[in-house]
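Notes follow the structure.
Chain letters run A, B, ... following the sequence lines, proteins first, then strands; residues in each count from 1.
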Amino acid sequence: MLTYALRRIVLLLPVLVGLSIIVFAIARLLPGDPVQLAAGPQATKEEIEALARELGLDRPLIAQYWSYATGLLQGDWGQSILTRRPVWEDLRIYLPATLELVFAAMAIAVAIGLPAGLLSAAYANRWPDYLSRTLSLGAISMPRFFLGLLMQLFFVMQMGWLPLGGRFPLVEIPPPAVTGLITLDALIARDGGAFLTALKHLAMPAAAMSLSPLATITRMMRATTLEAMSQDYVTTARALGLSRGKILFKYVARNAASATLTVIGLYFGWLLAGTVLVETVFDWPGVGLYATKAIATQDFMPLMGVTLVIGALFVIVNLIVDLAYGLINPKARYA
Amino acid sequence: MALVEIDELHLTMTSYDGAAHVLAGVSLSLERGEIWGLVGETGCGKSLTGLTLSRLVASPPARYLSGAVRFDGRDLLAADEETMRDLRGRRIGMIFQDPTTNLNPAFRVGTQMIDVALHAGRVDPSILGLAAGASRGARRRAARDLAVSMLDRVGIVDAARRIDDYPHQFSGGMRQRVLIAMALIGRPDLIIADEPTTALDVSVQAQILALLHRLAAEDGLAILLITHNLGVVAQIASHVAVMYAGAVVEAGDVRAVLKSPRHPYTQALIAALPRADVKRGALAGLPGVVPDLLTPPPGCRFLPRCPIGAADCARAAPGLAPVDTGQRVACFRAERAA
Ligand SMILES: Nc1ncnc2c1ncn2[C@@H]1O[C@H](COP(=O)(O)OP(=O)(O)OP(=O)(O)O)[C@@H](O)[C@H]1O
Ligand SMILES: [Mg+2]
């Protein structure tokens, strides 16, 4: 298992290098002159050239990539042309916000989706199954931002239970940043009040984000459970007297969950890349918002940074899923 | 009283095409210590007969029309699920064809065996060698010890260590041994083995059969061994029942049946030897094919292919009746077949 994990981690390196090359190439191939844009419409030719030199954009592409790549390793992810702040520092603020959102959404989706799918299959074609299938269909068809707006109408405007948006009240002091995930930091600081506040901010955007993975995980879990229940080993277990509950919750649940795990990993990456709408609706200060602004102003460095980070996270999450799959499914370890 | 008694069992299976009369008067009885081979062509109802004994045939689509299934005097068709569960794994063990698919690949073999042992121990605490109120931990330990000793008994070397291995770490034959150990863990009186060697290498088949034979002798087990292969029957069975299209057509002492078969179908089977596998296809000297069970022929189902059949054979289905050589034959004209 350990050598398998190490081998997979080593294999990760070329993938990441490739990713950085692609990101760099795409950024350079995009139309539009970022220097011109940053310098402003009134800038003279000399001013533009000076700025290009300052930003290193006048050198050959290979050299630019090389300094970009070595910079990445030293934590120098370039500067945002617009904010004139290091991209790395921006990411250190925005990325944890997005991660917190995605983690929370996935936690909701997994915590509800796995049992719902399992029960759906256990009660196939009876009312719990119909209920869960109807809800999943609804969840898949409902646009995330629309659910977000509905929730805001009800929980904020109508009931006044939850804040409209943001991560944490500006007037309050957040718990000291350790992980960057405010809920987690509050727990680390043993600050129950801050935890609750952060949770209240997180609840609606996370719920809106969780909708589509929840539906997919439920359906996938239902399918894999049905598949597992039709296996010979279930007949054997029944023939040797194990109860339906034991077979379902101990044995089949694991078989089915390990098959569902792949979907969970895929969805994780998909969510990371797709937070923009929800972040906009809930004014959630994550990379989605950051990237949108960067796109609007053709600010290359932040865009490259965001793409790189999300791409890298995507690959790493998939690795983790594969390793977890190996833990759950002993056969894969030797593959 | 016989340990197992199946008496004139009729069962239909409903599918989109309608209700197929797949068991049409199956009669069989097993005593402790007997190894019964149950042979017949594919689709004749061997597996269903075996599953019925554990009441594992899903209903619907199955429907029991008439007949009785008794285990140790108990009417199984009337038993509730709880009663059946107390029998399964404890008094009735089952072994199936493919040892690769019948062990759960995601769990250590020990986990799976221990759960069976715990179940059997719940039904009968003496299986674990414990008094009724033993603690959870004590039961788990006893269940594990029992599992190890069973693995040891079926010939798994270094059982105390191998018990923590996953199924894929065993070879096919070893996996089947594990499944046999699992079926034996509750100290059953009856083992139903549905083609237990079909999926194994020829060299391993003989070892598994020898193992079953030895265990049956040691424990005084009754075994219902379902197989396509008359050679297997000849090797280890003490008795044999031949099925055709949902009914037992000949049953009795294995020597009597193999040496002087009286049902024309059995005769054709044996004539087809040494190509001992009766799985499919035309049998020597037998025209026609197995009837469609959705619309079976009236009377004797074998009539359309029977070399000695007469018009009255279509009037009713023949029941099993003893013949001079000792076995029982379901044929109106069996004496002529001699
Ligand atoms: N779940 C089911 N639904 C419908 N028909 C079924 C079902 N299970 C079995 N049957 C039918 O019942 C008949 C007997 O099946 P069974 O599995 O007992 O045959 P078998 O003698 O064990 O055959 P094989 O040698 O191929 O294992 C077959 O015609 C089969 O098509
Ligand atoms: Mg069968």
Residues, nucleotides or ligands: over 12 heavy atoms within 6.0 Å of Arg133(A) CZ
yes

For Asp115(B) and Leu242(A) the tightest heavy-atom approach is O-CD2, 3.6 Å

Can you tell me how far CG of Leu118(B) sits from NZ of Lys246(A), rounded to the nearest 0.5 angstrom?
6.5 Å

With Leu240(A), which of His119(B), Met113(B), Gln112(B), Met182(B) fulfils side chain to side chain contact (heavy atoms under 4.5 Å, CB included)?
Met182(B)

Once rounded to the nearest 0.5 Å, what's the spacing between atom OG1 of Thr235(A) and atom CG of Leu56(B)?
7.5 Å

For Tyr267(A), which residues count as a ring pair (Phe, Tyr, Trp, His ring centres under 6.0 Å) partner, sequence neighbours excluded?
Trp270(A)

Scanning both residues in full, the closest heavy-atom pair of Thr236(A) with Phe96(B) reads OG1-CD1, 3.4 Å

Would the number of heavy atoms belonging to other residues, nucleotides or ligands and lying under 6.0 Å from CZ of Arg122(B) be above 12?
yes

Between Arg254(A) and Ala106(B) (side chain of the first, backbone of the second, donor and acceptor by atom type, cut-off under 3.5 Å), is there such a pair?
yes

Can you pull out the residues in residues 81-90 of chain B with any heavy atom less than 4.5 Å from chain A?
Glu81(B), Arg85(B), Arg88(B), Gly89(B)

